[in-house]
Amino acid sequence: MTANRIDEQLFAGRKALRTLPGALLLGSTGARLWADYLEPRPGFSGRFDFIHKVNIPLLYTVSASGTESFEPCRTAWYPSHLGMEYKDTRLSFSEQKFITWDDCAVSFQTWSNLGKEELVLKLETYGDAFHETDNGLYGTFLVQHLSFNIDAALVSSDEDLFREVRLKPGETKSFMIAAALGISGQDLPDDLTQRASGYALSGRSHAQIVADYIDAYNEWFEHIPGFHCSDPLLNKTWTYRWFLLRHNLADPKYGHLQFPLFYEGRSHKKSKAPFSKGGWEFCKLINLSVPLHLMDARWHHDPTYSEGSLQNMKESPNEDGMFCCMTVDTVMHSFANFSCWAAYQLYLVHRNKESMIALLPGLKAQITAWKRAHGSDRDELMIEYRHTRTGKEYQPSYWYFHQYPRNPKDPETYTHVKRVDRTVYHYLNALAVAKLCEELGDLDAEAFHKQAESIRTDILLKMWDDESAFFYDLHHETDEKALVKNIVGFYPAWAQIIDNKHDALIDHLFNAGEFDTGCPFPSVSADCPAYTKDGGWMGHFVKGRNGCVWDGPTWPYTNSIVLDALAKESKRSGHRYDGQFTHYLREYSFLHFFNRDLNQPGLVEHYNSATGEPLSDEQEYNHSFYIDLLIAHIAGLSIEEDRIVLDPIDAGLDYFCLDRVKAAGAELRITYRKPGSALDDAGIAEGYRLYVNGKQAFANDGLCRFELPLSQLR
């Protein structure tokens, strides 16, 4: 992307929390510092977090004599920064503020006195946390629930602001203020002060400082593939999804999180009390979402960001050897996930052999640990003992054998089941380890291939039901099918383990009485007695009105997987479902925009499956994939062990262009222009074309399948 392009494409005016009116959102995030939300005041007042949930209520603000409120104000949200303007009869105020990657909260403010009396401006901080130094202010935020405290150095371009600045009638002044945050004892005071001074006292013009920062923010996006097509919805969603990854990118370099990672989100539920830990936070390593991040982030030119989560998990497994959720201080529980499979997909793009050799022992350990903790002697299917551990809590199959009781928290009404999703993940993980062993010359390849085949056989033999044409969870002891059509019943198609015998499976997606609800795809079929579109359970809300209950609402998480399955099934059946895939891909894309308005980008955890109403307030939620869907199925690009495969879905587009793809040691460009279509982009020739390192390697009049051996790339 060219400089500022992402700001231009995603500008959104005002972005705020649905559940807290007036709480403004900030797109920019540091390696450790970010804003949960900003209050409509100058500077950084609101709730601020550092590595994990901290709820610092104030970094700094500037007060103006006689002004109690800066509302109503005008705001301009950009990925890189937030603009704010306020004007009344006494003053006008404008601001650009942002958080830099090196954890500085920076504000460029301009004040004008429009009244007839002096205007007094003064910088304010939190309580007595700060004290004055020769270079500004320095302070410490005490955090009881983490193993570190947070130091901050605060510097202003006008040191009078620490006491007071007086603006005469008609006078205008501008200030640059920066607060640099770090870990007490690890980030030295002189280093923090120097970091803040680099913005506030650099000697450059304030406008140039902001412009240079925006260029630096955009640099990350200069190393991604480019995509554009004739559908503005797909274009905008593509751009937003890259922002989503950058917004959730973190690099604590502390405790258990020594390597970069993507958070599942920057928001947190429940308590916003200052310096509190109550409630659930997404800002940590959550092993359930790691593979979803990797499916998209692997297309970034730098594999470091994707490798980091895998390295963090490998370095700190639990006592069983499983990859787990982690904070910097704690190794937590383990969710079901397909991290081994995602690691293999990452390898196919980057061919990062050294990294994979280091990771392989940890990946192998996952297969053994899962079998030990979730397996049995009777088959290769995985038993789930806690319904929360697949990340799909309250899926009705756990309560099928007790006729969906009103109180699902009663342990007497709950049954352990052999889960389709965990077992499919287990199959993909075993297959990925087998393939990585082959690539890396490891002698265990054959054993893992055999295990993967045994898992596949048991899924098809035991979980498939011919009469209803669906895959079901099973009673953990009797293997009786829990006849609940959970969304995970489509996962075997996603894993590509089915054949013509299972052709009717995909038709359930298109049935209005099952999965084709107003906002598809629901987490359970609408014909299930426990189906609830808005997150309750059998008429009451067991986790609050917007609680995470997988008995009907729609999740981007499973939509990404099921859309991948639908595209693969379409290709397996001679592109029979291309039209349906296109329709549902667009519906999934619309979830990324509030009220389906492309000027209001934002993605949350889950949605009402009938209306599409957002059921949560964790904006910029990062627990699904999308970029990979456009690359694999719109442009049609897949990277395999020994070849490049092109096999696009016909989405009815007049044109598309996917370029700057760096994969398997080559740079790829794929274009399509419908013959005879009018087009203002002269760089796209008619037909479907592949370019390798700038040279055309394939051309056809229309969309089609094509294979190119990797040996021919060089």
Side-chain angles (χ1 to χ4, degrees), residues 22 24 26 33 35 37-48 56-75 81-99 104-141 150-181 189 192-193 195-197 199-202 206 209-210 274:
L24 305 173
L26 183 68
L33 174 67
Y37 65 84
L38 291 163
E39 294 171 344
R41 299 170 62 190
F44 288 83
S45 175
R47 292 295 182 271
F48 304 92
I56 301 172
L58 176 65
L59 301 182
Y60 62 85
T61 188
V62 175
S63 64
S65 57
T67 300
E68 297 297 325
S69 171
F70 290 86
E71 293 185 288
C73 60
R74 292 193 303 168
T75 57
H81 67 282
L82 182 70
M84 177 178 165
E85 294 181 356
Y86 174 79
K87 184 177 182 179
D88 60 21
T89 58
R90 298 179 57 254
L91 64 85
S92 70
F93 162 77
S94 64
E95 178 183 33
Q96 290 173 294
K97 52 189 167 186
F98 46 85
I99 292 176
C104 290
V106 183
S107 172
F108 170 35
Q109 303 179 9
T110 298
W111 296 81
S112 295
N113 186 345
L114 306 180
K116 298 181 179 180
E117 299 179 356
E118 273 194 330
L119 184 66
V120 180
L121 306 177
K122 186 175 181 179
L123 188 139
E124 299 179 355
T125 57
Y126 181 70
D128 59 357
F130 286 85
H131 61 273
E132 194 162 353
T133 70
D134 293 339
N135 301 301
L137 302 181
Y138 200 88
T140 299
F141 297 108
I150 303 168
D151 280 2
L154 207 164
V155 179
S156 170
S157 60
D158 188 339
E159 63 179 16
D160 288 342
L161 200 58
F162 298 132
R163 291 165 289 277
E164 62 179 36
V165 170
R166 293 181 175 271
L167 265 65
K168 297 177 181 180
E171 188 176 7
T172 295
K173 283 191 176 181
S174 295
F175 311 98
M176 182 69 77
I177 310 165
L181 275 69
L192 291 176
T193 300
R195 201 189 307 161
S197 299
Y199 296 98
L201 302 174
S202 71
H206 295 165
I209 292 170
V210 174

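What you see is a predicted model, and the numbers here were worked out from it, not measured in a lab.
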Closest approach of [X] to [Y] (non-hydrogen atoms, all atoms of both residues):
X    : Y    : value
E132 : R163 : OE2-NH1, 2.9 Å
G22  : P40  : O-CD, 3.2 Å
I56  : L59  : CG2-CD2, 3.9 Å
G136 : F162 : CA-CE1, 3.6 Å
A152 : L192 : N-CD1, 4.4 Å
C104 : Y199 : SG-CE1, 3.8 Å

Is a donor on one side and an acceptor on the other found under 3.5 Å between the side chain of [X] and the backbone of [Y]?
X    : Y    : answer
R195 : L181 : yes
K97  : G43  : yes
Y60  : I177 : yes
Y86  : P42  : no

Does the side-chain contact (heavy atoms from CB on, under 4.5 Å) test come out yes or no for V210 and H81, once each step is laid out?
CA-CA 9 Å; V210 174; H81 67 282; 5.7 Å; no

Answer yes when E164 and R166 have at least one side-chain N-carboxylate O distance shorter than 4.0 Å, and no when they do not.
yes

Side chains of L58 and F48, heavy atoms from C-beta outward: is any pair under 4.5 Å?
no

State, with a plain yes or no, whether a side-chain heavy atom of M84 is found less than 4.5 Å away from one of F93.
yes

Can you measure from [atom1] ([X]) to [atom2] ([Y]) and round to the nearest 0.5 angstrom?
X    : Y    : atom1 : atom2 : answer
T125 : F44  : OG1   : CZ    : 15.0 Å
L154 : S197 : CG    : OG    : 10.5 Å
D158 : M176 : CG    : CE    : 13.0 Å
K173 : D160 : NZ    : CG    : 7.0 Å
L82  : F98  : CG    : CZ    : 11.5 Å
E85  : T75  : CD    : OG1   : 10.0 Å

Take atom [atom1] of [X] as the centre, draw a 6.0 Å sphere, and report whether it contains more than 12 heavy atoms from other residues, nucleotides or ligands.
X    : atom1 : answer
E71  : CD    : yes
E124 : CD    : yes
K122 : NZ    : no

One pair to check against side-chain contact (heavy atoms from CB on, under 4.5 Å): L123 and F175. What are the steps and the verdict?
CA-CA 11 Å; L123 188 139; F175 311 98; over 6 Å; no

Would you please classify the geometry between the F130 ring and the F141 ring as parallel, tilted or perpendicular, with 30° and 60° separating the classes?
perpendicular

Please list, one pair per line, the donor and acceptor atoms closer than 3.5 Å that link side chains of residues 109-117 to other protein atoms, with sequence neighbours excluded.
from : atom 1 : to   : atom 2 : distance (Å)
Q109 : OE1    : W111 : NE1    : 3.0
Q109 : NE2    : S107 : OG     : 3.0
T110 : OG1    : S174 : OG     : 2.9
S112 : OG     : T172 : OG1    : 2.6
N113 : OD1    : G115 : N      : 2.9
N113 : ND2    : E117 : O      : 2.8
N113 : ND2    : L167 : O      : 2.8
N113 : ND2    : K168 : O      : 3.4

